[in-house]
Protein chains: 2
Amino acid sequence: MDEIDELLSIRAAELYYEENKTQDEIGQALRLTRWKVGRLLAQAKQQGFIRIEILHPRARRLPIERRLRDERGLTDAVVVSSAGVASAEELQARTAQAAADYLTSLRPVPRTLGVSWGRTLFEISQHLRNGWASGVNVVQINGGVSLNRRPGTAAATAVGIAQKAGGSATLLPSPAILERLETKHAIEADRVVAGVIDLARSADAYLFSAGAADHTSVHVESGYLSEGDVDLLVQKGAVGDVVGRYIDSDGNIVDPALDARTVGLTLDELRAASLGVAVIAGRAKHAVADAVVRSGLCSVLVTDEATALHLLDG
Amino acid sequence: MDEIDELLSIRAAELYYEENKTQDEIGQALRLTRWKVGRLLAQAKQQGFIRIEILHPRARRLPIERRLRDERGLTDAVVVSSAGVASAEELQARTAQAAADYLTSLRPVPRTLGVSWGRTLFEISQHLRNGWASGVNVVQINGGVSLNRRPGTAAATAVGIAQKAGGSATLLPSPAILERLETKHAIEADRVVAGVIDLARSADAYLFSAGAADHTSVHVESGYLSEGDVDLLVQKGAVGDVVGRYIDSDGNIVDPALDARTVGLTLDELRAASLGVAVIAGRAKHAVADAVVRSGLCSVLVTDEATALHLLDG
DNA sequence: GCACATCGTGCTCAGATGAGCAGCATCCTC
DNA sequence: GAGGATGCTGCTCATCTGAGCACGATGTGC
């Protein structure tokens with residue numbers, strides 16, 4: 001397109017999009033045929049001179065979702081728009097809302113849903129409407145008794161999701177990470193615990209998030225890991241955790257010994273699931289999100305625009 | 001619009017604007033009739049959920065131009081888009097380009113064009129194409145011999161504009177502001193100077209900018225005023241200057257004594273002109289721009305989006 | 001309980017738009 | 001300079017879209 005046409009296409013776009021003129025009227029104003037105007041507008045669009053944004057908290061970016069599906073092999077993707085987002089919290093809320101919406105629209109409705117816990121999951125549980133489904137049983141897929149602050153958010157998450165769906169919640173009565181391997185084996189040998197884990201393995205769908213490998217981690221907050229532990233994991237290449245298991249950028253377990261002391265579904269079990277919905281948003285989680293998608297830990301990703309673009313650029 | 005419709009309108013907008021589906025296809029996807037989809041899209045637009053921006057250095061904001069004409073009584077207005085502008089310099093360049101474009105498109109072509117000088121005018125002269133008109137004679141409308149740095153930009157501006165239009169430039173061989181009133185009278189009495197001012201008075205059109213009342217002023221840079229002088233003018237209510245004459249927010253002369261020592265067209269002569277094009281852009285000039293428009297110093301304003309909105313909000 | 005106003009719905013119809021096509025100018029190759 | 005390739009132009013035609021209208025559902029006041 002030469003300079004003249006470029007300018008004309010801008011003039012035409014102004015009249016078309018800002019003044020709501022018809023292509024015919026624009027043709028008269030610019031002394032062009034209406035076909036030429038149509039072509040100029042098409043060129044302006046195609047060259048990216050026209051940006052159309054949907055400004056709404058619930059707005060999604062379908063073209064990016066498509067690219068995630070096509071280029072990263074996901075079964076499905078939900079990308080919330082970042083347009084007009086003021087804070088990280090708002091982005092988190094939008095993403096949680098989108099995850100809740102996605103869950104609600106799932107067909108067939110899963111009879112058993114395996115969930116992890118954490119800030120993201122808790123927020124999703126709050127965004128779900130009462131009666132979002134009927135008769136979904138929820139089972140925790142990783143250990144989740146909080147040691148320190150905010151006791152019970154893990155339980156509250158699972159119970160909340162279940163109650164709002166008119167189902168029941170099955171909690172995994174175990175710490176997330178145990179200090180000694182023997183204790184972990186003993187706990188897993190417990191009839192109740194083993195039963196819950198079996199149930200978790202048989203879930204129709206999984207919903208989980210991922211944590212960044214930094215000091216803001218819920219594992220630090222909950223007291224399972226010290227800040228020093230996390231630093232060490234980062235040194236070994238950790239980019240974050242999924243269901244309490246720390247992975248590197250390829251999705252491999254960073255510290256097998258630590259992993260062996262972690263209670264819940266293994267990553268391979270998660271990978272084998274036919275439906276695994278990961279909800280990961282925010283700048284801090286770009287690296288984990290990449291690792292999760294790259295290593296096939298989820299089949300569906302719910303995320304924000306910036307994170308999605310990060311996955312596609314890499 | 002209730003919540004359900006709001007969400008539907010967003011879903012419809014996503015499919016319509018991002019996926020280029022027809023309203024009929026969207027209707028099938030969302031289980032709605034195509035009329036309902038059309039109404040949802042109209043609502044989404046009307047509620048401001050849809051933002052369409054034209055991303056181009058030459059893009060203008062026609063609706064704002066219309067409001068400037070209608071609400072501020074201007075004969076014409078040119079408002080350049082701020083979309084995607086990174087720096088104040090870029091905004092300045094866009095505005096200068098728009099002014100050059102406007103000048104080029106003026107019909108009838110002015111035979112004599114009165115111009116002021118300064119950074120903005122110089123930039124406009126650079127953005128004009130060779131042959132932008134044929135046979136336009138340019139005359140300086142205010143004194144413009146630079147005392148200190150950048151000697152000759154005042155002359156270069158007028159000469160540049162004239163040369164590119166295949167015309168000649170008439171310079172006003174006088175300082176902008178004289179130290180003593182007697183000297184000013186003496187200069188004005190000079191046959192050549194008087195002739196130039198007479199020619200300036202008879203110009204068909206005027207092109208000028210305005211300066212902010214701060215230390216970045218060209219009058220400080222050129223040595224006509226000290227920083228202290230400007231501070232004093234600000235104390236007296238000055239918001240900026242037009243052709244070297246400092247005005248308050250109502251467009252009145254702030255310091256009549258200083259004004260009497262300033263060489264060139266008076267503001268009243270400028271106001272009486274049938275075609276006066278003011279080119280004013282940038283955050284620092286919001287106040288002057290307002291004063292210029294409010295007091296009818298120009299009939300046409302070329303400015304940027306933010307400045308225009310400032311004029312309309314006030 | 002009834003008449004009325006209001007609103008949303010699905011329709012007709014005309015105007016606006018995009019796809020595809022033939023004609024023409026321009027440019028390149030030999 | 002002839003022939004052919006390329007690309008732009010203005011057209012026809014089918015489709016898409018918005019305005020306006022009639023109908024029925026819902027809600028309201030007497």
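Chain naming here is simple, since letters A, B, ... match the order of the sequence lines and numbering starts at 1 in each.
Under a 4.0 Å N-O distance rule, the pair Arg283(B)/Asp304(B) does not qualify as a salt bridge. Arg66(A) and Glu19(B) are joined by a salt bridge, as a carboxylate oxygen and a charged side-chain nitrogen come within less than 4.0 angstrom of each other. We find that Asp101(B) and Arg58(B) are joined by a salt bridge, their nearest charged nitrogen and carboxylate oxygen being less than 4.0 Å apart.
Taking 3.5 Å as the limit, the base of dG10(C) and the side chain of Arg34(B) contain no donor-acceptor pair of atoms between them.
Remark: the Thr120(B) side chain and the Gln92(B) side chain contain an N/O donor-acceptor pair separated by less than 3.5 Å.
Among residues two or more places apart in sequence or in another chain, the ring-ring contact (aromatic ring centres under 6.0 Å, His included) test is passed with His310(A) by His286(A).
Against DNA chain C, the stretch residues 11-22 of chain A makes heavy-atom approaches under 4.0 Å through Tyr16(A), Thr22(A).
Nucleotides of DNA chain D lying under 4.0 Å from heavy atoms of chain B occupy a range whose first and last members, 5' to 3', are dC16(D) to dG20(D).
Checking the phosphate oxygens (OP1, OP2) of dG18(C), a side-chain nitrogen or oxygen of Gln23(A) falls inside 4.0 Å.
Rounded to an integer number of Å, the gap from CZ of Arg39(A) to P of dT17(C) is 15 Å. dG18(C) atom C1' lies 16 Å from atom CG of Asp24(B), rounded to whole Å. As rounded to whole Å, 4 Å separates atom P of dT9(C) from atom NZ of Lys36(B). The CH2-P distance, from Trp35(B) to dT12(C), rounds to 7 Å in whole Å.
Interatomic distance, CD of Glu123(B) versus CD of Glu89(B), reported as 9.0 Å (0.5 Å rounding). For the atom pair CD1 (Ile50(A)) and OH (Tyr16(A)), the distance works out to 10.5 Å, reported to the nearest 0.5 Å.
Lys285(B) contributes a side-chain N or O that, together with a main-chain N or O of Ala210(B), makes up a donor-acceptor pair within less than 3.5 Å.
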